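These notes concern the structure reproduced below.
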Amino acid sequence: MAGFEFIETTVTESIAVIELNRSRQLNALNRKMVHEIITAMERFDGEEDVRVIVLTGKGRSFSAGADIEEMTNDDPISLELLNQFADWDRFALIKKPIIGAVKGFVFGGGFELALCCDLLIAASGTEFSFPEVGLGVMPGAGGTQRVTKLVGRTKALEWLWTGERISAEIALKHGMINKIVAPELLMEQTMTFANRLAKQPPLSLRLIKDSVNKAVDYPLYEGMQYERKNFYLLFASQDQKEGMRAFAEKRKPDYQGK
Ligand code: CAA
């Protein structure tokens, strides 16, 4: 995908990779960069040949957070008029699986970006942190909400109030990431996992993501009604016919995402 200044994109088979490309600043996220990331993600979400999106960063770190220089002179009215979080809101609308492959520092807005991914694979030595408190502010791109829903109020408050660095091991223990791999194997292992997902029926993945996301916000009964509708919906797909026919015929299914 051409025309981006702060990211690079590639597609290998059915996996789209978006790389943050501002490594001299440890991939500090300026506003244009966030706009580019979500724009690329939306395009890949709409491309039939892409089944999984991988988000990662060039250089030694995933991202050291929002670009501090860019926001030093902001005031509440300039921020309101800028409406920068409209871009962030769009991450929740991506339907395909997003795997974050993270390493080095995953700080502030970089941590919030990682939390927009569905699954996270971290290189050993990765450190997560919300350092905003040390700058006299707090997360503004969903950090307090997403981390609390993931790990609960007690740890969330501790991490957000102190800004302490959270090791990959602690992140794994609290269910914040899916696995830890050797740094040199980060992309290889992420692509292996992404390939596994890419072989699954895309509509099932899509409606499972939709249902699991509802579980975060809905009470159990309403969530189960929602799940049921998605379950019924999949019986309108060709892939449901293919999956069940392949089982009966004792062969591998060939899913088309239709
Ligand atoms: N914004 C702008 N530039 C940043 C940056 C950031 N968040 N993080 C790092 N950089 C720049 C540094 O200024 C430095 O640039 P120069 O070479 O031009 O001086 C370059 O990246 C490399 O950084 P360091 O030399 O500091 O590297 P280090 O290994 O010594 O330290 C670090 C790494 C501990 C992550 C340190 O860079 C740091 O503390 N960065 C700031 C982290 C932070 O506070 N992030 C939160 C931002 S606020 C936020 O994200 C709010 C929100 O929710 C919207």
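Counting convention: from 1, in listed order, for ligands and their atoms alike. If you're wondering where the values come from, they're calculated on a predicted model, not measured in any experiment.
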Assign the ring pair F128 / F111 to parallel, tilted or perpendicular, where the plane angle (0 to 90°) is split at 30° and 60°. tilted

If you count only heavy atoms, which residues are under 4.0 Å from ligand 1? R24, Q25, L26, A28, R60, A64, G65, A66, D67, I68, M71, F105, F107, G108, G109, E112, P131, E132, L135, P139, G140, R165

What I'd like to find out is whether the side chain of K96 reaches to under 4.5 Å of the side chain of K209, using heavy atoms alone. no

Rest of the hydrophobic cluster containing I121 (Ile/Leu/Val/Met/Phe/Trp/Tyr, side-chain heavy atoms under 4.5 Å)? I15, V17, V52, V54, I99, L119, V181, L186, M187, M191, F193, L197, L205

Could you label the plane-to-plane angle of the F231 and F235 rings as parallel, tilted or perpendicular, counting under 30° as parallel and over 60° as perpendicular? perpendicular

State plainly whether the residues E184 and K103 are in salt-bridge range, i.e. N to O under 4.0 Å. no

Answer yes or no: is there an ion pair linking R206 with D210, defined by an N-O contact shorter than 4.0 Å? no

